[in-house]
Amino acid sequence: MATISGRSFRNTASDRIRGQQFRGSTFTFRFYAGFFTVAVTIFFALSFFLASSSSPDLNFGFGYSSDGSKSASSRRSMLALKSDPLKPRLDQIRKQAEDHRGLALAYASYARKLKLENSKLVRVFAELSRNYTDLISKPLYRAMLDLDANEIDESVLRRFEKEVKERIKLTRQVIAEAKESFDNQLKIHKLKDTIFALNEQLTKSKKQGAFSSLIAAKSIPKSLHCLALRLMEERIAHPEKYSDEGNPPKPEIEDPNLYHYAIFSDNVIAASVVVNSAVKNTKEPWKHVFHVVTDKMNLGAMQVMFKIKDYSGAHIEVKAVEDYKFLNSSYVPVLKQLESANLQKFYFENKLENATKDTTNMKFRNPKYLSILNHIRFYLPELYPKLHKILFLDDDIVVQRDLTGLWEIDMDGKVNGAVETCFGSFHRYAQYMNFSHPLIKAKFSPKACAWAYGMNFFDLDAWRREKCTEEYHYWQNLNENRTLWKLGTLPPGLITYYSTTKPLDKSWHVLGLGYNPSISMDEINNAAVIHFNGNMKPWLDIAITQFRPLWTKYVDYENEYVQTCNFGL
């Protein structure tokens with residue numbers, strides 16, 4: 001203490017304070033350390049005394065009698081109970097068993113409320129619950145539950161634990177398998193996943209189906225290819241019989257007092273059905289003139305087809321589109337556009353992912369939409385300068401009634417007589433043109449009713465007066481980049497004859513026999529012309545079965561070349 005006091009006098013006031021604090025903390029630590037040591041000593045002494053006094057022999061409770069054998073009750077020392085307490089373990093096993101018994105009962109009750117068709121689940125859960133009850137009710141296990149901690153036989157406990165775990169495992173397995181029937185959230189998620197997967201599969205199937213349908217629709221059947229080759233072979237073998245070169249045209253071909261039809265096609269059998277059906281359903285066939293225009297490749301076959309039959313005296317002119325010299329790229333916008341690199345890339349680039357990007361894209365990538373055979377319908381006044389009226393017919397139509405009544409209709413100064421196809425919001429101008437373009441939006445109404453190409457009666461004098469061909473050229477040039485409408489002839493036709501179309505009675509022209517099997521037979525039978533527009537053409541294997549006989553009845557099966565090629569078999 002003297003040393004400490006001497007130091008305190010030499011230190012500053014702050015040092016004295018720190019010294020006092022240090023001495024205080026040192027004294028506190030020593031005091032608690034001593035107290036803790038004494039407490040631990042007393043605890044072990046008492047523990048040893050209690051363990052010794054509780055044992056009936058002098059072996060300090062280690063479970064052996066004075067002769068060294070194990071005690072019958074298998075009692076364990078306090079140290080053993082501390083390291084592996086059997087009573088809490090038993091309570092835990094029992095609680096798990098009770099919990100899973102209650103879970104099984106709850107699922108059984110819920111299954112009853114749901115009135116599940118599979119009542120087997122209810123019985124399974126009820127049986128699981130009874131198994132737990134039966135297990136706990138066994139005399140051996142029931143007696144064990146009433147024993148004190150130091151009286152429990154560990155081997156019995158282990159057997160009890162094993163049986164409980166087996167039942168718990170079975171219960172969880174059954175619950176996992178049956179969870180779909182009870183967990184609504186799981187059902188919802190699974191249904192969503194299923195719907196998503198099915199939608200993906202449906203989209204893929206639709207795309208593949210559309211692509212396959214387009215391939216089938218644009219393919220040439222073997223019999224049709226055979227027919228064209230056989231007819232061409234005959235044309236080459238006997239050129240003098242079928243050529244009209246050097247001969248002046250028959251006067252009937254340009255006679256405006258007769259009934260004139262325009263048919264533009266590269267399909268020999270289809271063109272013959274149109275002519276044959278029209279002739280068979282008219283009273284005076286000799287007053288009817290059919291102007292058939294094809295391409296150079298099919299010209300010979302067409303000439304033979306229409307020369308070897310009389311067609312009841314009807315007059316038939318067959319020409320190639322190449323014979324009309326004014327139809328060149330300097331005059332026809334479509335031919336000029338076909339020469340552009342961008343359009344050729346759009347149509348002919350060899351990339352399947354672009355060709356099949358979507359069904360609309362696939363449809364409009366078909367080069368037929370730029371074929372001059374499709375677009376010469378906009379040049380009728382120039383093709384037939386001496387005519388006043390003409391009826392345009394597609395090659396996929398069948399005539400069922402005399403059409404001469406069309407020439408008696410008062411056109412009211414209109415250019416185009418056509419059947420309107422709109423109903424409700426369908427087949428309006430908005431479906432065919434891009435009304436986000438300012439020019440389209442300014443000139444046309446999106447709600448205007450569309451009409452059908454396929455059977456169109458044209459007043460050629462009104463056409464010349466309204467300058468419809470010039471109107472067509474104007475809009476076709478503007479649409480070089482396909483920003484006003486997709487490709488085809490209907491959108492430019494809707495534009496060209498926007499205010500010059502006279503609606504005809506719907507009985508003149510019924511459409512949809514190439515894609516819609518639900519058209520009523522009454523409507524078909526009352527129609528003057530039926531139109532197989534769509535992919536399922538009547539000369540293809542994919543044709544709609546119930547409608548095909550309406551077309552095949554006009555096929556000339558007596559024709560030797562048709563017989564040779566097994567057409568229709």
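- Side-chain polar atoms of Q563 and Y557 form no donor-acceptor pair below 3.5 angstrom.
- In this structure T564 satisfies the side-chain contact (heavy atoms from CB on, under 4.5 Å) test together with R230, sequence neighbours excluded.
- When all heavy atoms of G454 and N456 are compared, the closest pair comes out as N-OD1, 3.0 Å.
- A ring pair (Phe, Tyr, Trp, His ring centres under 6.0 Å) check over residues 217-253, counting only residues at least two apart or in different chains, returns nothing.
- For the pair L540 and P221, the minimum side-chain heavy-atom distance is below 4.5 Å.
- The 12-atom threshold is exceeded at NZ of K309, counting heavy atoms of other residues, nucleotides or ligands nearer than 6.0 Å.
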Show the numbers, then the answer: is there a side chain to side chain contact (heavy atoms under 4.5 Å, CB included) between E200 and K204?
CA-CA 6 Å; E200 288 288 309; K204 186 177 179 182; over 6 Å; no
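- Taking 4.5 Å as the limit, some side-chain heavy atom of W485 sits within range of a side-chain heavy atom of N479.
- Scored by the side-chain contact (heavy atoms from CB on, under 4.5 Å) test, W407 finds Y259, Y261, K389, L391, F457 as partners (sequence neighbours excluded).
- For CD1 of I220, the number of neighbouring non-hydrogen atoms (other residues, nucleotides, ligands) closer than 6.0 Å is 12 at most.
- Separating the CG atom in L231 from the CD atom in E560 is a distance of 9.0 Å, to the nearest 0.5 Å.
- Note on D461 versus R464: salt bridge recorded, some NZ/NE/NH1/NH2 to OD/OE distance being below 4.0 Å.
- Remark: Y554 pairs with no residue by the ring-ring contact (aromatic ring centres under 6.0 Å, His included) rule, at least two apart or across chains.
- Not counting sequence neighbours, the partners of S436 by the side chain to side chain donor-acceptor pair (under 3.5 Å) test are N434.
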Give the intermediate values and the outcome of ring pair (Phe, Tyr, Trp, His ring centres under 6.0 Å) for residues Y453 and H509.
CA-CA 10 Å; Y453 255 139; H509 186 190; over 10 Å; no
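- Shown here are the side chain to side chain donor-acceptor pair (under 3.5 Å) partners of T483, two or more places apart in sequence or in another chain: there are none.
- In this structure, the side chain of D266 does not engage the main chain of T294 through any donor-acceptor pair within 3.5 Å.
- Put simply, the side chain of W451 does not reach to within 4.5 Å of the side chain of T421, judged on heavy atoms.
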Could you walk me through whether T469 and K467 pass the side chain to side chain contact (heavy atoms under 4.5 Å, CB included) test, one step at a time?
CA-CA 6 Å; T469 301; K467 298 182 178 179; over 6 Å; no
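- Counting heavy atoms from C-beta on, the side chains of H531 and L513 never come closer than 4.5 Å.
- Every ring-ring contact (aromatic ring centres under 6.0 Å, His included) that W463 has, sequence neighbours left out, goes to F458, Y497.
- Shortest non-hydrogen contact noted between L494 and M433 is CB-CE, 4.5 Å.
- A heavy-atom distance below 4.5 Å is found between the side chains of D402 and K283.
- The backbone N or O of I524 lies less than 3.5 Å from a partner atom in the side chain of Q400, making a donor-acceptor pair.
- Between the CG atom of N257 and the NE2 atom of H388 there is a distance of 7.5 Å, given to the nearest 0.5 Å.
- Ring orientation note: the planes of F378 and H375 are tilted relative to one another, at an angle of 30° to 60°.
- If you take OG on S277 and CH2 on W551, they are separated by 10.5 Å, rounding to the nearest 0.5 Å.
- Counting non-hydrogen atoms of other residues, nucleotides and ligands closer than 6.0 Å to CD of E470 gives a total above 12.
- In this structure the side chain of L550 never reaches within 4.5 angstrom of the side chain of V398, judged on heavy atoms.
- Residues meeting the side chain to side chain donor-acceptor pair (under 3.5 Å) test with K502, sequence neighbours left out: D412.
- Nearest heavy-atom pair, T496 versus T500, reported as atom, atom and distance to 0.1 Å: O-OG1, 4.1 Å.
- Atom OG of S272 is separated from atom OH of Y311 by 5.0 Å, given to the nearest 0.5 angstrom.
- At least one side-chain heavy atom of I372 sits less than 4.5 Å from a side-chain heavy atom of V332.
- Residues satisfying the ring-ring contact (aromatic ring centres under 6.0 Å, His included) criterion with W475, sequence neighbours excluded, are F444.
- Among residues two or more places apart in sequence or in another chain, the disulfide (SG to SG under 2.5 Å) test is passed with C226 by C565.
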Given the rule in the side chain to side chain contact (heavy atoms under 4.5 Å, CB included) test, do L387 and D255 qualify, once you have shown the distances and angles that lead to the verdict?
CA-CA 7 Å; L387 301 183; D255 187 350; over 6 Å; no
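- Ring-plane geometry between H291 and Y384 is classed as tilted, the angle between the planes lying from 30 to 60 degrees on a 0 to 90 degree scale.
- Summarising the geometry of A543 relative to R548, their closest heavy-atom pair is CB-CD, 4.1 Å, with the distance given to 0.1 Å.
- Here H437 contributes atom NE2 and K443 contributes atom NZ; the two are 13.0 Å apart, rounded to the nearest 0.5 Å.
- For A430, the side-chain contact (heavy atoms from CB on, under 4.5 Å) partners are F435, P446, not counting sequence neighbours.
- N328 and K336 share no side-chain donor-acceptor pair at under 3.5 Å.
- Once rounded to the nearest 0.5 Å, the distance linking CZ of R465 with CG of L460 reads 11.5 Å.
- Between K296 and E322 no salt bridge is recorded (no basic side-chain N to carboxylate O distance below 4.0 Å).
- At distances below 3.5 Å, at least one donor-acceptor pair connects side-chain atoms of Q546 with backbone N or O atoms of P517.
- Aromatic rings from H473 and Y379 are positioned such that their centres are separated by under 6.0 Å.
- No donor-acceptor pair under 3.5 Å is formed between the side chain of N298 and the backbone N or O of D295.
- With sequence neighbours excluded, the residues that form a side-chain contact (heavy atoms from CB on, under 4.5 Å) with S520 are D522, E523.
- Aromatic ring orientation, F326 versus Y324: perpendicular (interplanar angle above 60°, classes split at 30° and 60°).
- The two atoms that bring V419 and D505 nearest to each other are CG2-O, 3.5 Å, heavy atoms only.
- By the 4.5 Å heavy-atom criterion applied to side chains, L478 and L484 are counted as neighbours.
- Here F532 and F547 keep their ring centres 6.0 angstrom or further from each other.
- Heavy atoms only, all atoms of each residue included: L373 and I376 are closest at O-CG1, 3.7 Å.
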Could you please spell out the steps behind the side chain to side chain contact (heavy atoms under 4.5 Å, CB included) verdict for D459 and N416?
CA-CA 7 Å; D459 185 331; N416 172 35; over 6 Å; no
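- Note on R377 versus D394: salt bridge recorded, some NZ/NE/NH1/NH2 to OD/OE distance being below 4.0 Å.
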